[in-house]
Amino acid sequence: FVTLANPGDAAAMKADSDQIYEAQAATRFIDRDMLSSAFETWTPLIDNNLLTDHPLNKLRTGKSREKSLMIGHNTGEGEVFVYGVFGEPVGYNVYNLAINGLFADDAESVMERYPNPCGRIEPNCDSRGEISQVLGSYIFDCPARHAIRPRSKDNEEQNTYHYVFDHPIRDGIFPNT
């Protein structure tokens, strides 16, 4: 839509919310094997062509080798989801339930890497920060690294950049923090 508008055509830039919603609904897809696709507002484009598959799948299968790529995330990405879902501090049991629920058979190895910050009996402990780190790694960092790994093994010359932007979310943005 925006790429079709002339820079001076302000009217073309003022789509109402129904038009925006319809455009999003027409171009969205959710890849059941890619949790992050459920949180993407717009389906990605490359050179104004709608992708028919998730971009990370395109990267993994080598269908983007001729394109330069910059991929990354903010270290606090998981906080938006975790603090949005858990409005109040959560302790030992909720942390364990969340990790076991998300990772099932792999929960033990995740807990080794991200140990529960709360003790069994520690009433004022809040594990949302640690859950945020786990979720950020699971949804953003690990899929990005996994997707670009094949590009790093190619002998072809290509521009691939992976970034991690570290800008903490402002205190008080979430209730009860």
Taking side-chain hydrogen bond (donor to acceptor under 3.5 Å, both in side chains) as the test, write out the residues that go with Arg113, two or more places apart.
->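 Once residues adjacent in sequence are excluded, Arg113 has no partner under the side-chain hydrogen bond (donor to acceptor under 3.5 Å, both in side chains) criterion.
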
Looking only at heavy atoms, what is the nearest atom pair of [X] and [Y], with distance?
X     : Y      : answer
Phe86 : Arg128 : O-NH1, 3.0 Å
Gly91 : Ser127 : O-OG, 3.4 Å
Tyr92 : Gly119 : CB-O, 3.4 Å
Tyr83 : Ser132 : CE1-OG, 3.6 Å

Enumerate donor-acceptor pairs with a distance under 3.5 Å from any side-chain N or O in residues 98-109 to protein atoms, sequence neighbours excluded.
{"from": "Asn100", "atom 1": "ND2", "to": "Asn96", "atom 2": "O", "distance (Å)": "2.8"}
{"from": "Ser109", "atom 1": "OG", "to": "Asp106", "atom 2": "O", "distance (Å)": "2.9"}

Can you tell me how far the CD atom of Gln133 sits from the CD atom of Glu79, to the nearest 0.5 Å?
->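 CD of Glu79 is found 8.5 Å from CD of Gln133.
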
Joint hydrophobic cluster, [X] plus [Y], side-chain heavy atoms closer than 4.5 Å:
X      : Y      : value
Tyr138 : Val164 : no
Leu97  : Phe81  : no
Met70  : Phe165 : yes

Going by the disulfide (SG to SG under 2.5 Å) test, which pairs reach into residues 89-126, not counting sequence neighbours?
->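 Checked against disulfide (SG to SG under 2.5 Å) - neighbours excluded - the pairs reaching residues 89-126 are Cys118-Cys125.
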
Mind jotting down which residue pairs meet the salt bridge (Lys or Arg N to Asp or Glu O under 4.0 Å) criterion with at least one end in residues 129-142? Sequence neighbours excluded, please.
->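 Counting only pairs at least two positions apart or across chains, the salt bridge (Lys or Arg N to Asp or Glu O under 4.0 Å) contacts touching residues 129-142 are Asp141-Arg145.
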
Check whether any side-chain heavy atom of Tyr95 sits under 4.5 Å from a side-chain heavy atom of Val90, and report yes or no.
->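 Heavy-atom side-chain distance check fails, nothing below 4.5 Å.
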
Does any pair with a residue in residues 105-132 pass ring pair (Phe, Tyr, Trp, His ring centres under 6.0 Å), and if so which ones, sequence neighbours excluded?
->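 Not a single pair qualifies under ring pair (Phe, Tyr, Trp, His ring centres under 6.0 Å).
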
